[in-house]
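What follows is a single structure, written as structure tokens, with notes after it.
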Amino acid sequence: MPRLRAPRTVAAAVVATVVLVVAGGLLYDVVAVRTGHQARRWRAELADELATRHLDDPAVLLGAGAGVLVGGCLLWLALAPGLRRWLPLRPHGETAAVIDRSGVAALLADRAAGTPGVEHLRVRVGRRRVRIGLVGPADPASVERRLREELAAVTLARPLRLDVRSARRRGRARTAEDAGGGAE
């Protein structure tokens, strides 16, 4: 089954291969020199060029600019989000599919909002857990049962843990006077 991969996976594999080849070539030449053989011609020419060129030489500036550009691209690839916002679905044959975490959150919020007694809710979907905070007189256990059924219908590759909690309403607490039960 093909696995979905972030676009940066290919770039990381190419960079790792290039670094491995260059480092292997340098290591081979250093070991050869240390064992009494002469340095390869390319390494001797490179060392001579680096020793005789000035820093304001156009070739040096061009090489430095290329190095900064490649480093910036690698830094961007390292900081890019990748596939963290996607949740993999159970494979169907040779097909691999994912669903956005915000889509799962919207689905669960819609299903929970239809439950009687739910005044307000907050849904946060992580990679391994769904946290739901309810405001209202609804029973969290019944809401949790309903949402477990909905999550089972999504067919995620790895099931999410569901945590439904009853949250307090923000602001001051209601007193008997606010409810109209006070004596006049």
Side-chain angles (χ1 to χ4, degrees), residues 1-110 122-133 147-148 150-165:
M1 177 188 81
R3 181 174 177 230
L4 295 173
R5 297 193 184 276
R8 63 183 176 188
T9 305
V10 174
V14 168
V15 169
T17 304
V18 168
V19 167
L20 184 66
V21 168
V22 169
L26 284 173
L27 181 64
Y28 175 80
D29 197 50
V30 167
V31 169
V33 168
R34 294 290 181 182
T35 57
H37 297 88
Q38 273 197 333
R40 300 275 181 214
R41 195 171 96 205
W42 63 268
R43 184 170 160 231
E45 288 175 5
L46 180 64
D48 187 45
E49 285 291 322
L50 290 174
T52 58
R53 295 228 180 206
H54 295 287
L55 291 179
D56 60 351
D57 188 84
V60 173
L61 293 175
L62 183 67
V68 167
L69 184 64
V70 168
C73 290
L74 292 175
L75 187 61
W76 179 80
L77 286 171
L79 298 176
L83 295 177
R84 292 182 58 90
R85 63 180 251 195
W86 299 99
L87 295 171
L89 295 173
R90 201 173 308 136
H92 183 70
E94 293 294 319
T95 305
V98 293
I99 187 169
D100 194 320
R101 285 196 273 169
S102 63
V104 173
L107 177 72
L108 294 176
D110 184 49
R122 180 177 175 179
V123 180
R124 292 188 342 209
V125 178
R127 291 188 307 162
R128 293 185 178 91
R129 180 186 314 175
V130 177
R131 291 183 178 171
I132 299 175
L147 295 181
R148 280 195 195 283
E150 193 65 32
L151 263 179
V154 175
T155 67
L156 294 170
R158 187 171 63 202
L160 298 173
R161 288 187 301 170
L162 187 60
D163 184 18
V164 178
R165 295 184 182 184

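Side-chain contact check for Leu62 versus Asp57: every heavy-atom pair is 4.5 Å or farther apart. The shortest distance between side-chain heavy atoms of Asp56 and Val60 does not fall below 4.5 Å. The closest side-chain heavy-atom distance from Val104 to Leu151 is below 4.5 Å. The shortest distance between side-chain heavy atoms of Val98 and Leu89 does not fall below 4.5 Å. When side chains are defined from C-beta on, Asp100 counts as touching Trp86, because their heavy atoms get closer than 4.5 Å. Counting heavy atoms from C-beta on, the side chains of Val15 and Val70 never come closer than 4.5 Å.
Here the CG-CZ distance, from Leu162 to Arg148, works out to 5.0 Å after rounding to the nearest 0.5 Å. Rounding to the nearest 0.5 Å gives a distance of 13.0 Å between CD of Glu45 and CZ of Arg40. Between atom CD1 of residue Ile132 and atom CZ of residue Arg122 there is a gap of 12.0 Å, rounded to the nearest 0.5 Å. Atom OH in Tyr28 sits 12.5 Å away from atom CZ in Arg43 (nearest 0.5 Å).
Counting only distance, with no hydrogens or angles, the side chain of Arg101 and the backbone of Val125 share a donor-acceptor pair below 3.5 Å.
Residue Leu160 comes nearest to Arg127 through the heavy atom pair CD2-O, 3.4 Å, listed as atom of the first residue, atom of the second, then distance. The nearest pair of heavy atoms linking Leu55 to Leu61 is O-CD2, 3.6 Å. Nearest heavy-atom pair across Val33 and Gln38 is CG2-C, 4.2 Å. Across all non-hydrogen atoms, the minimal contact from Leu87 to Gly126 is CD2-O, 4.1 Å.
Arg165 has a carboxylate O that lies under 4.0 Å from a charged side-chain N of Asp163, or vice versa, which qualifies the two as a salt bridge.
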